Amino acid sequence: QVQLVESGGGLVQAGGSLRLSCAASGRTFSTYIMGWFRQAPGKEREFVAAISWSGSSTYYADSVKGRFTISRDNPKNTVYLQMNSLKPEDTAVYYCAAKTGPSRLWRSDDYNYWGQGTQVTVSS
């Protein structure tokens with residue numbers, strides 16, 4: 001069982017930056033692949049980024065590639081999402097999630113555990 005708590009959301013102007021954090025409970029954090037998803041009003045939840053158990057491999061949606069960076073600190077049981085050059089279309093509730101298997105990282109249905117989400121609002 002893993003409990004996830006996101007933080008770091010807020011209101012930022014276009015072009016600005018935010019860093020989201022997701023703190024996980026439990027001793028087995030390093031055995032989970034971690035992902036970030038987001039959901040804007042009236043839209044489906046979409047994949048943003050994922051990171052492998054060790055942090056050596058990362059994956060990004062095309063819409064955020066080159067602007068967002070996912071990382072993890074296993075001793076601290078924390079995964080991060082550094083978001084730069086933010087755009088109004090990045091406005092959404094951002095969720096972190098954990099899964100055990102290495103496949104289909106972009107599929108939200110394959111993730112076993114979810115945080116409660118943190119709101120990110122980018123003003124133009």
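Just so we're clear, the structure is a prediction, and the values are computed from it rather than from any experiment.
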Which value, rounded to the nearest 0.5 Å, describes the distance between [X] atom [atom1] and [Y] atom [atom2]?
X     : Y      : atom1 : atom2 : value
Lys99 : Asn112 : NZ    : CG    : 7.5 Å
Leu11 : Ser123 : CG    : OG    : 5.0 Å
Leu81 : Met34  : CG    : CE    : 11.5 Å

Would a single hydrophobic cluster contain both [Y] and [X], if residues Ile, Leu, Val, Met, Phe, Trp and Tyr are joined by side-chain heavy-atom contacts under 4.5 Å?
X     : Y      : result
Leu20 : Val12  : yes
Tyr80 : Met83  : no
Val93 : Trp106 : yes

ring-ring contact (aromatic ring centres under 6.0 Å, His included) involving Phe47 - partner list, sequence neighbours excluded: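 Only Phe37 meet the ring-ring contact (aromatic ring centres under 6.0 Å, His included) criterion with Phe47.
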Can a donor-acceptor pair be found, under 3.5 Å and without considering hydrogens, that links the side chain of [X] to the backbone of [Y]?
X      : Y      : result
Tyr60  : Ile70  : yes
Lys87  : Glu89  : no
Tyr111 : Leu105 : yes
Thr118 : Glu6   : no
Thr69  : Gln82  : no
Thr91  : Thr121 : no

Donor-acceptor pair between Thr78 and Asp73 side chains, under 3.5 angstrom: no
Minimum side-chain heavy-atom gap [X]-[Y] below 4.5 Å:
X      : Y      : answer
Leu4   : Trp114 : no
Phe29  : Asn74  : yes
Val48  : Phe68  : yes
Val122 : Gln13  : no

Derivation of the side-chain contact (heavy atoms from CB on, under 4.5 Å) call for Thr31 and Thr100: CA-CA 7 Å; Thr31 66; Thr100 52; 5.9 Å; no
Pi-cation contact, Trp53 with Arg72 (under 6.0 Å, within 45°):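 Here Arg72 fails the 6.0 Å and 45° test against Trp53.
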What are the two closest non-hydrogen atoms of [X] and [Y], and how far apart are they?
X      : Y     : answer
Ala14  : Pro88 : CB-CD, 4.1 Å
Val2   : Ala24 : CG1-CB, 4.1 Å
Ile33  : Ser52 : CG1-CA, 4.3 Å
Gln116 : Tyr95 : O-CE2, 3.5 Å

Residues forming a salt bridge (Lys or Arg N to Asp or Glu O under 4.0 Å) with Lys65, sequence neighbours excluded: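 Once residues adjacent in sequence are excluded, the partners of Lys65 under the salt bridge (Lys or Arg N to Asp or Glu O under 4.0 Å) criterion are Asp62.
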Side chain to side chain donor-acceptor pair (under 3.5 Å) partners of Asp90, counting only residues at least two apart: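 For Asp90, the residues satisfying side chain to side chain donor-acceptor pair (under 3.5 Å) (neighbours in sequence not counted) are Arg38, Arg67.
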